[in-house]
Amino acid sequence: VVPAFVHFLEVLEGSNGAKAAGWPVNHKSTLHISPVIIDCDFDGVPDIAVVTYNAEIVCYSDDGRKIANFHIPALEVRKDWYVGLSADHVD
């Protein structure tokens, strides 16, 4: 699985590096994290899930079909969320 930073997700065959059938797909956003291999539709076949910059979780089947698309609601954060935190923090 090869994520391009902008708009595309590709899958290459491990044996020869050729593009897998049905790929690449266009997700109309940018990716800032790696895709996850997971069975999104519970059919026993691994699928590919990505979280886009546009706050969507998109799942693709092994042949590149979009099988799920979820929008993540925005989270409101106070402008001064850090006020009152200890200056001696531990990571």
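Every side-chain contact (heavy atoms from CB on, under 4.5 Å) that L85 has, sequence neighbours left out, goes to W81, Y82. Residues passing the side-chain contact (heavy atoms from CB on, under 4.5 Å) test with P3 are L9, L31, P35, sequence neighbours excluded. Judged as a side chain to side chain donor-acceptor pair (under 3.5 Å), and not counting sequence neighbours, the contacts of D80 are R78.
Within the structure, the salt bridge (charged side-chain N to carboxylate O under 4.0 Å, His left out) test picks out the following pairs touching residues 62-75 (sequence neighbours left out): D63-R65. Sequence neighbours left out, the pairs with a member in residues 36-59 that pass ring pair (Phe, Tyr, Trp, His ring centres under 6.0 Å) are H32-Y53. Residue pairs meeting the salt bridge (charged side-chain N to carboxylate O under 4.0 Å, His left out) criterion with at least one partner in residues 33-46, sequence neighbours excluded, are absent. Pairs of residues two or more places apart, or lying in two chains, never qualify as side-chain hydrogen bond (donor to acceptor under 3.5 Å, both in side chains) while including a residue from residues 8-23.
D47 places a side-chain N or O within donor-acceptor distance of the main-chain N or O of C40, the cut-off being under 3.5 Å.
Going from atom NE2 of H7 over to atom NE2 of H27 covers 8.0 Å, rounded to the nearest 0.5 Å.
Exactly one of T52, V6, V50 qualifies for a side chain to side chain contact (heavy atoms under 4.5 Å, CB included) with S29. That residue is T52.
Cluster membership check: V58 shares its hydrophobic cluster with I37, using side-chain heavy-atom separations under 4.5 Å among Ile, Leu, Val, Met, Phe, Trp and Tyr. Hydrophobic clustering keeps Y60 apart from I38 (ILVMFWY residues linked when any side-chain heavy atoms are closer than 4.5 Å, directly or through intermediates).
Under a 4.5 Å side-chain heavy-atom criterion applied to ILVMFWY residues, the cluster that includes F70 comprises I33, V51, I57, I72 as well.
Residues V25 and F8 fail the side-chain proximity criterion, which asks for heavy atoms closer than 4.5 Å.
Considering all non-hydrogen atoms of both residues, L12 and G17 come closest at CD2-O, 3.7 Å.
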